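To start, the structure itself, in structure tokens.
No experiment lies behind these values; they were computed from the predicted model shown.
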Amino acid sequence: MSALATVLLSALPLAAGWAGHVWWLRGCLNTARRDPLTGLRTRDGFTRRATALLKDPRAVVVLADVDKFKHINDTFGHAAGDALLKATADRLAHHVGPSGVAGRLGGDEFAAVLIDDHGTAADLLAVLHGVLARPVDGQDPAVSTTVSLGWVRAADFPADDLSGLLRRADEAMYAAKQGRAGMRRAGLGRLFATVTGRRSGRTGARTDGPIVTVAA
């Protein structure tokens with residue numbers, strides 16, 4: 001056996017061990033980027049995928065917030081609340097499909113980026129809004145609520161990054177929730193001016209700036 005062959009054979013166990021370690025690390029990283037309750041991507045994992053999707057001019061950014069979630073928890077218990085969050089996540093991920101991405105930003109707040117192939121985002125999201133309001137399978141029918149949606153077309157604000165688009169969708173979602181409109185599209189107005197990046201109605205937001213214009 002040549003010296004080269006001997007060296008290569010002796011290196012095989014080390015290479016195999018390193019490959020296994022890399023595979024293990026990758027699995028740990030993927031797990032860390034998934035929310036343990038819903039299975040959706042966490043903020044970090046969502047941000048990475050969503051940022052890539054925003055290179056497509058057909059991208060639409062959606063922010064979803066479960067209405068009266070605290071009431072569900074207080075009335076039916078945290079297990080019922082968890083079931084509602086899981087159902088919301090499953091339905092959102094299914095609706096977004098493999099070409100988009102959905103994530104849980106925290107609590108009862110979800111975000112998604114979808115690719116609007118046919119320019120029918122408003123219709124697609126109207127259907128999603130109805131789907132998200134359905135009762136949870138296996139739970140008391142009373143364990144249901146609506147979900148307020150705010151959305152924005154990335155092409156309308158080409159200078160905005162993901163953070164800016166999420167803020168616009170957040171403004172529209174809040175307007176929808178306050179007006180009980182179900183869903184709103186962010187218009188071409190200015191974002192609510194804040195120091196901390198918090199919108200009107202949230203802790204830390206200023207109240208002396210212009211409010212974003214929204215259109216149904």
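- In plain terms, the two heavy atoms of A154 and L54 that are nearest each other are CB-CD2, 4.0 Å.
- Between D82 and K86 there is no salt bridge, since none of the side-chain N atoms of the basic residue sits less than 4.0 Å from a carboxylate O of the acidic one.
- Two residues are said to be in side-chain contact when any heavy atoms from C-beta on lie closer than 4.5 Å; V96 and V101 fail this criterion.
- Between the OG1 atom in T75 and the NZ atom in K70 there is a gap of 9.0 Å [rounded to 0.5 Å].
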**OP:** Show your reasoning for whether side-chain contact (heavy atoms from CB on, under 4.5 Å) applies to L84 and F69.
**Re:** CA-CA 9 Å; L84 178 61; F69 180 67; 4.1 Å; yes
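- Using a 4.5 Å heavy-atom threshold, the side chains of V61 and L114 count as separate.
- If you take CZ on R58 and OG on S99, they are separated by 8.0 Å, rounding to the nearest 0.5 Å.
- Separation of atoms OG1 (T88) and CG (D108) is listed at 9.0 Å; rounding is to 0.5 Å.
- Between L92 and A111, the shortest heavy-atom contact is CD2-O, 4.2 Å.
- Contact between V136 and R91 at its shortest, heavy atoms only, is CA-NH2, 4.0 Å.
- Using modelled atom types, one side-chain atom of R104 and one backbone atom of G107 make a donor-acceptor pair closer than 3.5 Å.
- Hydrophobic clustering keeps V62 apart from V127 (ILVMFWY residues linked when any side-chain heavy atoms are closer than 4.5 Å, directly or through intermediates).
- In this model, a donor atom of one side chain and an acceptor atom of the other lie less than 3.5 Å apart for T146 and D67.
- Within the 4.5 Å cutoff, the side chain of R184 has no heavy atoms near those of the M173 side chain.
- Nearest heavy atoms, V113 versus A50: CG2-CB, 3.7 Å.
- For the pair D65/K177, a side-chain contact is recorded, criterion being any heavy-atom separation below 4.5 Å from C-beta on.
- At least one side-chain heavy atom of T47 sits less than 4.5 Å from a side-chain heavy atom of R43.
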Subject >> CA sep, side-chain torsions, deciding dist, call: R185, D156, salt bridge (charged side-chain N to carboxylate O under 4.0 Å, His left out) >> reply: CA-CA 11 Å; R185 175 182 179 180; D156 288 344; 2.8 Å; yes
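- Minimum heavy-atom separation, A121 to W151: CB-CZ3, 3.8 Å.
- At distances below 3.5 Å, at least one donor-acceptor pair connects side-chain atoms of H95 with backbone N or O atoms of L124.
- When atom types are taken as modelled, the side chain of H129 and the backbone of L149 share no donor-acceptor pair closer than 3.5 angstrom.
- Scanning all heavy atoms of the two residues, the minimum distance from R153 to V60 falls at NH1-CG2, 3.9 Å.
- With a 4.5 Å cut-off on side-chain heavy atoms, D74 and I72 do not count as touching.
- Of the candidates L132, L85, L105, F110 forms a side-chain contact (heavy atoms from CB on, under 4.5 Å) with just one, namely L85.
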**OP:** Tell me, with the steps shown, if E109 and L63 meet side-chain contact (heavy atoms from CB on, under 4.5 Å).
**Re:** CA-CA 7 Å; E109 188 174 67; L63 199 73; 3.8 Å; yes
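- For the atom pair CZ (R48) and CG (L162), the distance works out to 13.0 Å, reported to the nearest 0.5 Å.
- For the pair R168 and F157, the distance from NZ or CZ to the six-membered ring centre is under 6.0 Å and the angle to the ring normal is within 45 degrees.
- Judged purely by distance below 3.5 Å, without hydrogens or angles, the side chains of T38 and D35 pair a donor atom with an acceptor atom.
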